[in-house]
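Before any comments, here is the structure.
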Amino acid sequence: MLLEDTLNRIVPPGGDAAARAKERWDSLAKPLGSLGLLEEAVIRIAAMTDDPDYFPEKCALAVMCADNGVVAQGVTQTDSSVTALVAENLACGKSVVNVMAKQAGADVFPIDVGMAQDVPADGLWRKKVTYGTRDITVGPAMTRQQAVQAIEAGIETARLLAAQGYRLLAAGEMGIGNTTTGSAVTAVLLDQPPERVTGRGAGLSREGLARKISAIRQAILINRPNPSDPIDVVSKVGGFDLAAMAGLYLGGAALKLPVMLDGVISAAAALLAAHLCPACREYMVASHVSGEPAGAMLLDALGLRAFLTAGMRLGEGTGAIAALPVLKMAYTVYFGTSTFSQIQMDPYRPLD
């Protein structure tokens with residue numbers, strides 16, 4: 001079984017690559033640790049890859065596209081047809097994240113893991129489990145077998161992108177209604193009331209937000225997801241996009257390939273992956289703190305710190321792509337700055 005094999009291959013980073021990367025940072029002609037999280041990210045990626053000279057020049061964003069039956073409860077401003085429209089734009093290179101990715105030097109791969117309709121667009125990867133999930137307010141979103149299939153679609157995506165030479169992956173999503181499923185998964189895994197972790201998503205009214213919270217509360221009450229069983233959680237109140245992103249994190253970790261989170265939905269998927277295999281969080285990089293209520297809570301639960309706090313909540317992987325130039329700038333400094341010895345200056349010393 002692909003999932004079981006992948007979980008067995010994930011081990012915590014080891015070796016001395018992190019120490020060697022820190023030693024290089026400390027040799028550069030600047031105050032110690034003065035680039036903060038930028039230094040930390042390069043050190044962590046050195047540990048993930050066991051290579052202090054690793055440079056993630058070739059980057060790919062995998063956008064998992066799926067529909068969610070809970071849309072029937074009036075929890076969104078638009079209907080499910082928008083998922084297909086945006087997926088087609090992603091495949092044609094015309095969506096917001098495509099424009100951002102061109103600037104950041106990344107490639108975008110939209111993947112159909114469960115859209116309610118087929119989109120005949122070149123450039124769209126097809127790994128559809130089935131045509132959308134069921135309404136979580138009346139029963140489970142999917143079967144356990146379908147959840148595993150979606151997770152394995154994410155694992156396969158990581159393998160395919162690694163085989164094409166990509167050295168850093170990013171997780172994105174597109175699916176009308178997925179802030180509802182993401183909030184439901186978050187509420188269960190963090191043991192929080194739905195109202196504390198649920199936001200307005202793509203622009204709900206006050207009444208719409210109340211319907212959304214009520215739908216999540218109803219879904220948890222009816223389905224009784226088991227928080228100690230992440231597959232049970234995603235199959236009962238989650239979505240195919242969430243499951244596939246969790247698989248992408250697991251696949252990246254098994255390959256010792258860093259995977260960058262996007263916003264609150266991808267962070268909920270990351271927490272699912274971490275519940276399946278705690279060591280996989282060591283291969284995750286946080287990009288930004290989402291403007292959604294659970295954004296910071298999820299990163300705290302994962303033990304990750306993000307580069308950006310820009311109030312973003314668009315999805316599609318836009319936050320991850322926005323952080324990529326910052327990360328690449330850190331590597332430019334790491335590889336290109338003079339050392340203390342090269343400029344004949346006494347190095348800084350740690351005082352405490």
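Reckoned from all heavy atoms, side chains included, excluding hydrogens, waters and symmetry mates. Model, not experiment: these values are computed from the prediction.
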Centroid separation Phe240 to Tyr131 less than 6.0 Å: no
Neighbour count above 12 (heavy atom, 6.0 Å) for Asp5 CG: yes
Heavy-atom neighbours of Gln103 CD exceed 12 at 6.0 Å: no
Heavy atoms from other residues, nucleotides or ligands near CZ of Arg24 exceed 12 (cutoff 6.0 Å): yes
Parallel, tilted or perpendicular: ring planes of Tyr331 versus Phe335, cut at 30 and 60 degrees: parallel
NE2-CZ distance between His288 and Phe307, expressed to the nearest 0.5 angstrom: 12.5 Å
More than 12 heavy atoms from other groups under 6.0 Å of CZ on Arg305: no
Within-4.5 Å side-chain heavy-atom neighbours: Ile265 and Met64: no
Test item: Cys59 and Lys328 side chains (from C-beta on) under 4.5 Å apart, heavy atoms: yes
Between Asp232 and Asn226: side-chain donor-acceptor atoms closer than 3.5 Å: no
Non-hydrogen side-chain atoms of Tyr249 and Leu261 separated by less than 4.5 Å: yes
Check: Met142 and Val129 side chains under 4.5 Å, non-hydrogen atoms: no
Lys212 side chain near Thr179 side chain, heavy-atom distance below 4.5 Å: yes
All salt bridge (charged side-chain N to carboxylate O under 4.0 Å, His left out) counterparts of Lys128, not counting sequence neighbours: Asp112, Asp118
